[in-house]
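Notes follow the structure.
Values below: every heavy atom of this structure, side chains too, minus hydrogens, waters and symmetry copies. Whatever order the structure lists ligands and atoms in, that order sets their numbers, starting from 1. Numbers here are sequence positions counted from 1.
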Amino acid sequence: MTAKRPRPEPERVLRTAARFQLGGEPTAALELRSGHINDSYVITSRDGRRGLLQRINERVFANPRRLMENVERITRHLAERLGPGNRRRRLTLIPADTGRPWIEIKSGRGQSASPGSGRGKSASPGSGRKKDGNGADGWWRMYELIEDVTTQITASSAAQVFRAAQAFGHFQGMLADLPPPPLFETIPRFHDTVSRFEALDRVLAAKAAGAVRGKQAQAEVQAAATHRGLADRLIKAAARGLPQRTVHNDCKISNVLFDRQNGEALCVVDLDTAMPGLAAFDFGDMARSMAHRTDEDARDPEGVEVDLELFGALASGYLDGARFLTPDERQSLVDGALVLTLEQAVRFLTDYLEGDVYFRVERPEQNLERCRVQFALLESLLDREADLRRIVAQGENSAASV
Ligand code: GN1
Ligand code: MG
């Protein structure tokens, strides 16, 4: 599904972009292929304005209307917190011709997928969006493009990791006083690792898993079984009273924009999964994306290991940005690193076995390779668990030293 979704023709993209008040007629659309889920284009207008146009993947986000309400609430709140300047420090939605910052295109008799509460993940291929009549059906939005920034696939220095982690901590802090109600859960049970294992079980039980892929992934299926005992660790900690906060839920280093001139971590992007959750979810995603030097898309898991210098920068940057954490939350952070890395391995493995229906792939074995990288990282995190706990415990003291 995600990977096989039909792409709109370039002129359709431009016509869609023209419905947003970017300023000047859109003349160029450059597709970005870095995200796994949504379709993203950098749009340039005749007046030289640039915007980020995105089509929301409705097979993953079953209720785009409520998702966009979340995004509007978050961007409005951050604008209030940061003040009228600081436009490079926050995302700004661009209104469409409807007056709202999104449009829904439905062509012909085809209706868009009806909002429901089910997870996109369980949708079968072919469900979701119906006839893609003009290739551009679906929910679209546009953000102002933040100029003169760089993004990172992997961390390049401890100082950079410190800044990124601090930015995610500040992001959580700014959302701590978001007026009620809590944000809508755009993907239910998103970081419920136990239910991620159950999804794997279902794929393994189904004949449709495909004998060939099942054989290819034997070692990884075994690794998942070996580490399954970790899956409910955060769920149990949450039941013991860890606070629910508004968290980002996809804290990859690639979701931070760095200033091109001075390397400052300017802005956290990708707000689609910001919703109630645990601080440990975000710390865990940061650890799996910033505390080592390997690309998540590396073909070979050889040499994948946690880098304690980067992990130290991560812990001190995050603890500096998120000063509101309770002692119990600080205790849970290393668990977050272990559980989120395991969860991501299981998600990639499930998708590989299911036939690459969720994460966009460029090559057939990519999801299995991604899974191997996560398992290699998990082994390394487990080997160094005592060090990681010591580093987090010392983190606050060393926050100023990076
Ligand atoms: C997906 O689309 P992207 O790249 O922002 C995924 C995250 C995973 C990540 C792995 C909605 O994010 O949960 O951690 O890939 N997002 C969703 O790179 O499933
Ligand atoms: Mg994301």
Side-chain angles (χ1 to χ4, degrees), residues 1-3 5 31-41 52 54-64 66-67 70-71 74 91 118-123 128 139 141 143 151-155 168 171 183-193 195-196 199 247-257 267-275 277-278 280-292 294-298 336-337 339-352 354 356-362 366-375 377-378:
M1 80 193 148
T2 314
R5 191 161 49 155
E31 185 176 2
L32 300 179
R33 304 279 295 168
S34 47
H36 293 109
I37 310 291
N38 294 327
D39 299 333
S40 301
Y41 303 86
L52 180 72
Q54 292 188 306
R55 176 164 63 170
I56 298 166
N57 186 333
E58 285 167 63
R59 291 164 186 171
V60 169
F61 297 109
N63 196 332
R66 303 269 337 251
L67 180 153
N70 277 3
V71 175
I74 297 167
L91 288 174
R119 296 169 48 163
K121 187 120 188 75
S122 60
W139 285 69
R141 65 171 173 225
Y143 289 112
T151 51
Q152 293 286 137
I153 300 294
T154 55
F168 279 118
F171 178 83
L183 292 174
F184 172 69
E185 238 188 312
T186 55
I187 303 181
R189 300 183 301 281
F190 189 53
H191 284 315
D192 176 341
T193 313
S195 80
R196 297 293 187 179
V247 296
H248 182 279
N249 279 313
D250 191 10
C251 289
K252 301 192 282 192
I253 195 162
S254 56
N255 279 334
V256 179
L257 305 182
C267 181
V268 161
V269 300
D270 189 357
L271 307 175
D272 296 339
T273 46
M275 55 183 160
L278 303 179
F281 295 163
D282 280 0
F283 187 82
D285 255 334
M286 286 191 267
R288 59 158 215 94
S289 80
M290 300 182 204
H292 58 93
T294 325
D295 185 343
E296 182 177 280
D297 276 311
V339 173
L340 271 280
T341 306
L342 171 63
E343 177 183 292
Q344 193 66 56
V346 167
R347 292 178 65 194
F348 285 143
L349 176 59
T350 305
D351 197 35
Y352 173 73
E354 216 170 3
D356 308 322
V357 296
Y358 189 94
F359 295 106
R360 180 177 287 145
V361 288
E362 308 287 339
Q366 194 166 3
N367 273 319
L368 184 58
E369 291 162 2
R370 287 168 171 159
C371 160
R372 288 178 179 144
V373 168
Q374 297 299 311
F375 272 130
L377 181 61
L378 175 62

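- At least one N/O/S atom of D250, from backbone or side chain, sits under 2.8 Å from the Mg ion (ligand 2).
- When only non-hydrogen protein atoms are considered, atom 16 (N) of ligand 1 lies nearest to I37 CG1, 3.9 Å.
- Q344 OE1, 2.7 Å is the protein heavy atom nearest to atom 14 (O) of ligand 1.
- Between K252 and D285 there is no salt bridge, since none of the side-chain N atoms of the basic residue sits less than 4.0 Å from a carboxylate O of the acidic one.
- Here's the thing with T273: none of its N/O atoms is less than 3.5 angstrom from an N/O atom of ligand 1.
- Expressed to the nearest 0.5 Å, how far CD1 of I253 lies from CD1 of I153 amounts to 9.5 Å.
- Close approach of ligand 1 to D270 is summarised as follows: ligand atoms under 4.0 Å from at least one heavy atom of the residue are 5 (O).
- The shortest contact between atom 19 (O) of ligand 1 and any protein heavy atom is with Y358 OH, 2.5 Å.
- A side-chain N or O of S40 and one of Q54 form a donor-acceptor pair less than 3.5 Å apart.
- The OG1 atom of T186 sits 7.5 Å away from atom CG of N249, with the distance rounded to the nearest 0.5 Å.
- Looking at atom 13 (O) of ligand 1, its nearest protein heavy atom turns out to be R347 NH1, 2.8 Å.
- Under the 3.5 Å distance criterion, the side-chain polar atoms of R370 are left unmatched by any main-chain donor or acceptor of E296.
- Between N249 and ligand 1, no N or O atom pair is found at a separation short of 3.5 Å.
- What sits closest to atom 12 (O) of ligand 1 on the protein, heavy atoms only, is D250 OD2, 3.2 Å.
- The protein atom (non-hydrogen) at minimum distance from atom 9 (C) of ligand 1 is K252 NZ, 3.5 Å.
- Atoms of ligand 1 found under 4.0 Å from any heavy atom of I187 (numbered from 1 in listed order, with element): 11 (C).
- The line from CZ of F190 to CZ of F281 is 10.0 Å long, rounded to the nearest 0.5 Å.
- Comparing R288, H191, E296 against atom 18 (O) of ligand 1, the shortest heavy-atom distance belongs to E296.
- The closest protein non-hydrogen atom to atom 15 (O) of ligand 1 is H36 ND1, 2.9 Å.
- For D270, the N, O or S atom with the smallest separation from the Mg ion (ligand 2) is OD2.
- We find that R66 and E185 are not joined by a salt bridge, their nearest charged nitrogen and carboxylate oxygen being 4.0 Å or further apart.
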